[in-house]
Every structure is written in C-alpha cells, then in structure tokens.
Amino acid sequence: MIVAEPKSLDEIKAMTEGFDRILMVGCGTCTTVSLTGGEREVNLMATALRLARKVEGRDIEIGEQTILRQCDFEYIDELKDVDSYQAAVSFACGAGIQGLARKFVGKPVLPGVNTQFIGFNEEYGYFTEQCKACGDCILHLTGGICPVARCAKGLLNGPCGGTNNGKCEISKDKDCAWVLIYNQLERLGNLEQFKKIIAPKDFAKAGNIRSMDLRKAGD
Amino acid sequence: MKDKVSNIKPPCIVACPVHADIQTYVGYIGQGRFKEALDVIREGCTLPGSLGRICNHPCESECRRNKVDEAVSIRSIKRFAADVCMGLPHPDPIPKIKGKKVAIIGGGPSGLTAAYDLAKDGFDVTIIEKNDACGGAIYTGVPKYRLPKDIVAWDVEAIASLGVEIKTNTEVGKNISFNDIVKDYDAVLIAIGLSISRGLPIPGADAEGVLLALPFLKMVNFDESAKAAKRVIVIGGGNVAIDVARSARRIGAEDVKMFCLESDEEMPASPWEIEEAKEEGVQMFPSWGPKEITVKDGKVVGMVFKRCLSVFENGMFNPKFDECELTEVETDNVIFSIGQGADVSGFVNTELSVDERGRIAFNPSTMQTNMKGVFACGEVVTGPGAAVAAMKSGHRAATAIARFLETGKAAALHLSEPTAIGQVPDSVVDIITKLPRTPVEMANPVERATNFGEVEFGFDQKTAMFEARRCMSCGAGARIIEEKCAACLTCVRVCPYGAPYVREARVANFALENCQACGICAAECPALAIDIKLNIDTGIAVRASRSLDEPFITAFTCQYSVPEVLNPDTVKTAPLAGVNQVAMLCNNRIDTLHILAAFEAGADGVLVAACPDEKCRHNKGVDWPKIRVDRAKDMLNGIGLGADRLEFAKVAKGSAPGLASAINTFKDKIKELGPSPASKQLTPSK
C-alpha cells in the first residue's frame, strides 16, 4: 500500500487560514490502512481544527466525508454538497489529492497528509518502504528482497563495506539488504546467483511523467 | 449494521429461565447505577428481593468465569440491588389503558410475574389470593432464615404499586366462586401452585407425630410458639425437605435425620443447601426407602427403612429396594417431604379440566385451559421446580393473555430462545486477569441453627461493585461494521485476546468467545468500523451554561476500577459538582477523539483516570490510554489549549480517596488556568 504520514495541525491550520467552510475528505483505502487518512483521522483533525479556531475566537464549519478511494473519479463523485465548501483537505496519497483537485474545479484542494512510500505493514503502526516503483523489477534475482528500496545506497551488487553484522552502517536498527539477500539465496540453494553481476538498471523507466496504457495490448 | 449474532447471548442470560438481562444489571451495579440495575432486574425477575436470596441461580453455574476462576456472584449482586433500593419509593401506577380486566388466581411467583407484565401492558389486574398475603410458596413455605417475610412483602408491594389490586384471604370455592370470576373478568389466569403435601400410605402413616412438609413449614413460619420434638426424621431429599429439616432444628429438634431414596450424588436438593444443613447438624441418610412407621400407643416411636438400590430406570421414577437390608431408627416425629399436589377443590363442579396427575389441564403452547379465556401457569401446570422457573411460566402466560385480549383468540406462542456464546478458549483463559470471587458471608452455623435470623448476609456496596466488575461482559464486545471495514487488520494486531481473525472474505471477523470487551480495537480502528456492543458510555455532556467560577471537568473513568467516588450517594448516582463523569466500559476504549470531543463540548479540563498498570485487567504490555492521552496532549498544544488541561491519572482500583484527590487537585489546577478559551462559544459546530 501507499503509506502517508499525518501533517501537523499547525500546517493544516496555516493552509486553511483563509477559509471558514471546508470539506475534509478521507480515503478508505491506502491511507486508512496506514492509519493516517481514514474516517478516524479526518474526524480527529476536524475536531482539532474547530477547537483551534474557537481558541482564536472564530468558527469554522468542517464537513467530513470518507470515500472508498480518491484515485477513482467514480468514488469522488459520491461526495456530497461539494459546491458549498470553499476548499477541501484531502487525506489521500498524492494521487488521490490530485484526483480530488480535478473534481474540485476552481477551489483549492489541500494536502492533509505527506505521502511517503510504497510499503509494508510490519506490525501495528509500523510501516517499512519496500518498493521504489523503479519500473524494472529485479526481485527474481535478489531472493524477493529489493535492493533498490531497501539498501541505503540502492546498490545492485552489494553489500558495500559498510555492512556490519547484518546491519547497515546508517543505523544499527536497519538490516543490510544485501545480507538479507545472501541469506535468502542460500535458503533457496541459489548462491550461484549471488556471484552474478547484475547489470545497471534502466532508470529511464523510473523517469517522470509516467503513464501506462493497457488499451494498446488490445490493438 | 447487520447484527448476525443478535440472538447469541451470554450463557448466564441463556441459563436464566426468565432470561433476565444479567449483563446489563451487573454492569449498572459495577458503575454505581443501582436504581437502574433494579429496574432492569424487575423486567425479568419480578421479585428481586426474594430471588436475590433464594434463587437457585442457574446463571452462576453457566458463568464463563467458571473456567477462568469462579462464577460471578450474580444472585448476591441482585440481592444487593434490591436491598440498596428498599428505601426508595415503589414504581408509579401504570394507566389501565387497555380497558380489559384480568383475574389472577394465586399470588405466588408465577401469578405475580404475570400480574407485573399485564399491569405494565396497561391491563387492569386483580390477584385473588387465599392467604393473608401474596408470595405463594415463598411466603408460606420458604423459612424466614432464608427469606424474611418483609422482603417478600416489599417485592409484592412493588407489583401492587403498578396498580395491581390484591384481594387476600379470598379462597376460590369458599369466598368467591370460580364461575363468578370467569363471568366478571375478560381473562382469568390460574396460578395456584402445588399447595398440598403428599404423604405415603405405609403402615403407621396415620399415627400421631406424622406430619407433612407444607403444613409444618407454614406452622414454623407463622406460629411463633411452634415446637418440634427432640428427634425428627424428615423423609425426602429435595430443597423443601432441607427447609423442613433446618426449620426443625430451629424449633428445638436436637436430632434431625434426613432419609431419601436418592444416593448422595443424586439428591435433588441444591448442593449448597445440603452443605448448610449439614453445618447446622442435620444428618443425611441417602439411599434409604421408607418401609413402615413404628407406632406405640398411637404415637410415632420409630421408623423402619429399606435399602434403596436405585431410584430411576430409563429416566423414569421406578425405585428398586433390597427388602433384606433394613434399619430401624427411633424418633418422635416423621415429616414427609416427598412431593406436592395441586389443590383444585375450588374448581369442582365447573367446566375446568384437571389432568390425570390432578393438575390443571392446559395447552403449553397457548397456555390456555379447556375453557376459552382461562389460562394457567406456574407449578400447577409445570410441576414442582424453582421459583424462577415459575416466573418464566408467568411471563409466558402474560404474553398469551395479552395476545388473547388483543385478538380475541388464544394463539400458539413462538418465543425465540437465545443461544449461548461458547466457552472461553484455553489460550484466552491463560491471559485473562484472575479475580477471585467474593465469598458471601454466612452466620455462624451453631448460632444460626437456634433462631430464624437470616443465615446469609448481603454484600455491602463496595463488595457488590467489586463483584459486579468481575463480569467479563461476555459477547458485549466488538462488532465489525462490514461496510466500513477497510480490511486493514489493525484490530487483528492490537487485540490482546486474538478475537479478530482474518477470514476468507478478506475482512476481519470477531470470535465472540475470545473477545473481552476491552475496547482497544474500537479505539484504534482507522475506519471507525468497530462498534462496542456494551458501551456503557454515559455520553460526553455538553456544557449547558458557563460559570466562570467553577471549572467544568470531564472525567473518563473505567467501569472496571474507579467510578464509585463519583457516586457518593449510593442510590441517586449524583455526580460531583462540575464533573461530567464518562464511565467507559474500560479505559482502553478511550480514544483521542473522545478527549477532543470533551473539550469541544465545553470542558475546561479533561481527566483520564486509569488503573495502575498491574491492576488494569486488559493491559498486556501496552498502555493504550497513555498513548492516546499523549497524542491528545500534542494536539492540544497545536490547538492552543495547552497540554496542561489534560491529566492522566493512575488511580488504584476501588480507591475512592485516590480518585477524589486526583480530581480535586486537577480542578484546582484548571481553576488557575482559567476557563477554556475554546468554550467561549457554547454551540458546537457540526
């Protein structure tokens, strides 16, 4: 899933400074699962913002709605009374925020969270990055462990000299991805693979302004 | 939300013949809401003072805590609810809006229960009672040391206060004719019980000194000069026989022996009754059958018994004896306590049918007798049993009569029966905090056997509340709202008891057997997709008016630990001035949202009073309330209210002074901080 972290109340206060009627929109998929953009967080942030405005001696009216996904227009269309709000705060990932912005024509759509990474839910409240969306997957060569996302240097042929008893030199809390890869290849009986040099990746595939058109396949 | 498990109930409720809402009233007692508890009790168990003393409490046998440590002392909690409310006014009369009159013949547990239900429904109910007061067997039969007469009277008064007319000393067939009753009322209910004791036609049974159980008990109950002979033999092994034996001890019998057909294990009396009788010096002789009574000069001098080899054959009563193994015992009195029959003498020469056992013939499905509009309930149709079972029959009869009076015909009742939640899994038993049952104090056996003072003492307030909080709130925990569930599995990760599990249909599901209603999952679910069924949350009060002198505090307290100080008046549940108490089922349910909502509702300060770590029954290594308070403190700083307005206090279980001082210290602090700048406008925006 796409993992996002909450924005601070201060930041949301500053973004919504000029408005007294806003809509906060939760996203029922990735950011709900990463505990930062679901109905609960929307409710919490809305209550906090209302209180903050009261402390300043003024009122703000906040609508709260959560839809299944903000990266699909059909779900965005389910939002009610959007015209009556001056602005919207989206608690979806960057894609969802932009999806909402395309529907909220002529009105500001503000980010309620900071989108972080494609990740994995290790345990309650703890998420780790697993994928850089490089566009050229080599997990079949590395025992199912991605060195692009999980090696601090993104080395395709590791480890580097900074590996230290299975940990990375940047932090003793972080595993060295290349030790993990070695151990897994050993378990798979495929240490031969470890000896092979992985060719440089075509990072052009991870370039900007990417799109994907599956319709071509049917041509 | 679709509640697929709506008819799955805690086993205590399922086991209770009247399905009293035990979980709710026990919960109320735990919170100090005593009057509300009593109101809930009465809906099922219409005689709470009496049944709080004498009920055979099948609820406790089925309590799921038995597998963890010991059952919750439900009966004693019920007794406490009644006793603590005895000074309060009885319920108000119910307007008789139905315009139909119902006569109930017999004011015992079943008749009184039907009267309660019908009066509550707005029918005009009259009880016709042959004795000088209502109560039936629990008035005339149950001895005072188990159930004082004023308690029965209090229970009856509460039913009378609904507007039920009670005609005492009125015996059908003697002071009033059955046919007249049928003519004068729109429906009639016969609830006369089994008021005749049976004897045995053995040689010597007509000798002087041979008595029957019910007349003996009546004498003991109402004749203060009653005296027993020195040596008494009681024939029978049921609870009535025990009552007879223990009463005989109290009126002077020094040597009381009970003989019964059944073996030690088969004796039908409740085990605790047998135990208490033994403590009082009653001797038990199981597996003996009466052969003959030895008589000299017309008086009993002894009795001969034959060995009883077995009592039942294929589930039917068919005793087998060894006629060669005999024993002769000297005695001055023999009291038969071997069974009861119905006194249907008031119905001779009427249309009413009586069955081959001498009981009123009726259709158990419609509760109607052979006469249209004449119904029957209680032991006169069901046979002998516990008072609470008679009440069940009374409830059924009331439902049947109400339908009859509304539709003009008797229809079959199809009352759905609940099914019980399964046992606590072994893996969960291991991690549930053990809380030993509070013993019920009893009078000293040597002393109590000399008088009719109550043998059992009730709980005091603190004990009752503590005992109530041992309830595991079975099945009252988490329910998933499927249409909101994001399948994030947060609940699966945070539950200490392994209740949520992943099932094929991708979302989490809850195992009712595991759930302990701690509320952790509901407070963490990012989609607000978990509902706690038994959320005894009294609601976050909105500040109605703004006084600048007195701070307005919202205090979240845990039902399992500390609320009683907020209810210093034991009955009225008056909150402390300026304190809005929100009694959560458990403080693990508190979420950051609750705290902010309290400030939005106008609180100047919020106190979260949690149990110390080692006392929290649900803390399995994570201090959830603290995590949520810390998040709220961060947000309060951002909001501009400041973290100082939120206090997290760990207060020892049941420590009233501890909580009171935490609240007062916090109040002083908030007074210094001044009113909340967010409560200037008192209308919360939506």
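Quick caveat: nothing in here was measured; it's all calculated off a predicted structure. Just so we're on the same page: letters track the sequence lines, and every chain starts at 1. Just so you know, these numbers use all the heavy atoms, side chains as well, and skip hydrogens, waters and symmetry mates.
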Looking only at non-hydrogen atoms, find the nearest pair between [X] and [Y] and report the distance.
X: B:Pro500; Y: B:Cys495; answer: CD-CB, 3.4 Å
X: A:Gln130; Y: A:Cys146; answer: O-CB, 3.7 Å
X: A:Val25; Y: A:Gln70; answer: O-NE2, 3.0 Å

Ring centroid separation for B:Trp624 and B:Phe648, is it under 6.0 angstrom? no

Determine the option with the most heavy-atom pairs under 4.5 angstrom with chain B, choosing from A:Thr47, A:Val33, A:Leu9, A:Leu44. A:Leu44

Any luck finding a side-chain donor-acceptor pair between [X] and [Y] under 3.5 Å?
X: B:Asn509; Y: B:Tyr501; answer: yes
X: A:Glu41; Y: A:Thr36; answer: no
X: A:Ser84; Y: A:Arg21; answer: yes
X: A:Arg40; Y: A:Thr32; answer: no

So, the part of A:Asp10 with a heavy atom under 4.5 Å from chain B: the answer is side chain

How would you list, in number order, the residues of residues 85-100 of chain A that have a heavy atom less than 4.5 Å from chain B? none

Heavy-atom distance under 4.5 Å to chain A: side chain of B:Asp591, backbone, both or neither? side chain

Please classify the contact between B:Ala632 and chain A as side chain, backbone, both or neither, with a heavy-atom cut-off of under 4.5 Å. neither

Name the member of B:Cys525, B:Gly640, B:Ala597 that forms the most heavy-atom pairs with chain A at distances under 4.5 Å. B:Cys525

